[in-house]
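Worksheet for the structure shown next.
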Amino acid sequence: MKYCRFLSGLSLCLILIQAASLVTGQQNYCLVIHGGAGIMDPGSIPPEKQAAYAYHLNKALTIGDSVLKQGGTSAEAVVRTISYLEDCPLFNAGKGAVFNWEGKNELDASVMEGASLKAGAVSGVKTIKNPIKAAVAVMNNSEHVFLSGKGAEEFARKQGLEIVPNRYFYTKNRYESLKKLKERERNRNQGDNHGTVGCVALDKMGNLCAGTSTGGMTGKRYGRIGDTPVIGAGTYADNATCAVSCTGHGEYFIRLGVARDVALQMDYLGLPLEKAAANVMKKLGALGGTGGFIALDRKGNLTMPFNTSGMFRGYIKSTGEKEIAIFATDK
Ligand code: ASP
């Protein structure tokens, strides 16, 4: 009897806490990032470079965390976090993006909000400093979801976004990668592509958002577009299920609709996030696709699966719990 009273007291307490959080709109928040997946073992990246990656991943987490801590939306957190990673030359997005066959940087990005299912994306843009901001502008200030090339650049300019010459995105390393690839005329998929960036976030209001930004794959030709700007393939968010941002060999992610498949496994099969993610990773592997993704649900459960030897990744929670990792062996 006493025990029962204790239990009902406890459940009352929990209900009160839940009700208070509904009234104040306060709930736990969480932010997860990736900086690309690929073939990378501890021996292939010098310790100083590993430290530099960890430094910038940590900085990105801190930026996103401060937005969420102050009550900002998950979309604000995603765009601020990804913009930081786009400006960082270590990653294959914005400054530091890989080169296409013609020696130009050609960028793709997308964003999606889980509350409204609103989404925005740009592809093949060469002069927008932060493509993720252009994706957000498409989502919020246009009647469209997906803009490409010159039209997307004109839209971004009219939106007042920063426009830069294509050579702004140049980095020596990435240019050398293109030269090497051309010299060897080897399979373009083996190029040095890793470094796509992505972020999924859950804000204090309980809303999810996902975003992804990339330069694509080294030596890409003929206007090739990967999964990154394709809603449902590289990026997806729905408050009813989860937010997902992918990285890897885009053609496979498009064919499997990876990001939305994770959400649909949860929706149709009622699976928990981790199981849904594992099922999709199995399909990706079976088809011969390489890469991974980050995913987060509304309860703050997160997963960061990949089938390559590494994926730059990390997360931060409102509890202060934080993790940054690079290699599969760090799991
Ligand atoms: N998914 C990107 C693409 O195929 C590349 C990457 O994430 O490494 O364009």
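No experiment lies behind these values; they were computed from the predicted model shown. Count residues from 1 along the sequence. Both counts, for ligands and for their atoms, begin at 1 and track the order of listing.
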Can you list every salt bridge (charged side-chain N to carboxylate O under 4.0 Å, His left out) pair that touches residues 131-150, not counting sequence neighbours?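 Qualifying pairs: none.
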
Under 4.0 Å to a heavy atom of Gly250 - the qualifying atoms of ligand 1, by number: 4 (O)

Which of the numbered atoms in ligand 1 are below 4.0 angstrom from a heavy atom of Thr228? 1 (N), 2 (C)

With only distance considered, is [X] within less than 3.5 Å of ligand 1 through an N or O on each side?
{"X": "Cys246", "value": "no"}
{"X": "Arg224", "value": "yes"}
{"X": "Met217", "value": "no"}
{"X": "Asp227", "value": "yes"}
{"X": "Thr214", "value": "no"}

Are the side chain of Gln265 and the backbone N or O of Lys275 linked by a donor-acceptor pair below 3.5 Å? no

Tell me whether Glu153 contacts the main-chain N or O of Lys126 through its side chain, where contact means a donor paired with an acceptor under 3.5 Å. yes

Ring center gap for Phe169 and Phe99 short of 6.0 angstrom: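 Between Phe169 and Phe99, the centre distance exceeds or equals 6.0 Å.
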
Tell me the protein heavy atom at minimum distance from atom 2 (C) of ligand 1, and give that distance in Å.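 Ranked first by proximity to atom 2 (C) of ligand 1 is Gly248 O, 3.4 Å.
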
For atom 8 (O) of ligand 1, find the nearest protein heavy atom and state the residue, atom name and distance (0.1 Å precision).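 Closest protein heavy atom to atom 8 (O) of ligand 1: Thr196 OG1, 3.3 Å.
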
How does Thr247 reach ligand 1, by side chain, by backbone, by both or by neither, if only non-hydrogen atoms under 4.0 Å count?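 Answer for Thr247: both.
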
Using the six-membered ring of Tyr315, assess whether NZ or CZ of Lys322 lies under 6.0 Å from its centre and within 45 degrees of the ring axis. no

Within 45° of the axis and under 6.0 Å from the centre of the six-membered ring of Tyr170, does NZ or CZ of Arg167 qualify?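 The answer is no, since Arg167 fails at least one limit relative to Tyr170.
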
Cationic N near anionic O, under 4.0 Å, Glu176 to Lys179: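 Yes, this pair counts.
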
